[in-house]
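To keep things clear, I will list the structure first and then write my remarks on it.
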Amino acid sequence: RRSYSHVPGSQVMKYSLQLDPKAVKEVRQVYDHREHEKKGSGDHFVNAIEACFDQIKLGTFTSLPK
């Protein structure tokens, strides 16, 4: 669970991002698979997910990073 505050204009919106435990498990599985295929690619995958969270936090999320 991550909590964020976003200020669009003069209003403050507070919300939390909740991750489904199934999604966390899938991320771990993808991380392990990618690391097995190529060292460091699991970290790249997690960094891309964190970049999405950062965009959500800033209110600028439009698509997944390439």
Side-chain angles (χ1 to χ4, degrees):
R1 172 180 254 177
R2 294 178 182 220
S3 296
Y4 299 106
S5 294
H6 177 61
V7 182
S10 62
Q11 294 181 330
V12 174
M13 294 177 9
K14 292 185 179 186
Y15 56 94
S16 62
L17 179 63
Q18 296 180 357
L19 301 177
D20 186 309
K22 292 178 189 175
V24 173
K25 183 178 178 181
E26 288 178 12
V27 167
R28 285 185 184 134
Q29 290 172 340
V30 172
Y31 174 88
D32 289 342
H33 174 76
R34 292 188 63 143
E35 280 296 304
H36 177 74
E37 293 293 316
K38 182 179 179 188
K39 183 76 174 155
S41 64
D43 291 332
H44 180 74
F45 171 69
V46 171
N47 290 339
I49 291 173
E50 289 178 347
C52 290
F53 289 156
D54 290 343
Q55 287 183 347
I56 290 169
K57 179 174 67 172
L58 295 172
T60 59
F61 182 78
T62 55
S63 65
L64 297 173
K66 295 180 181 182

Determine the sole option in Q29, R28, K22 for which the side chain to side chain contact (heavy atoms under 4.5 Å, CB included) test with K25 is passed. Q29
Kindly give the heavy-atom pair with the smallest separation between G42 and E35, and that separation in Å. N-OE2, 2.8 Å
Show your reasoning for whether side-chain contact (heavy atoms from CB on, under 4.5 Å) applies to F53 and L19. CA-CA 11 Å; F53 289 156; L19 301 177; 3.6 Å; yes
Heavy atoms of Y31 and V46 approach each other most closely as CD1-CG2, 3.7 Å
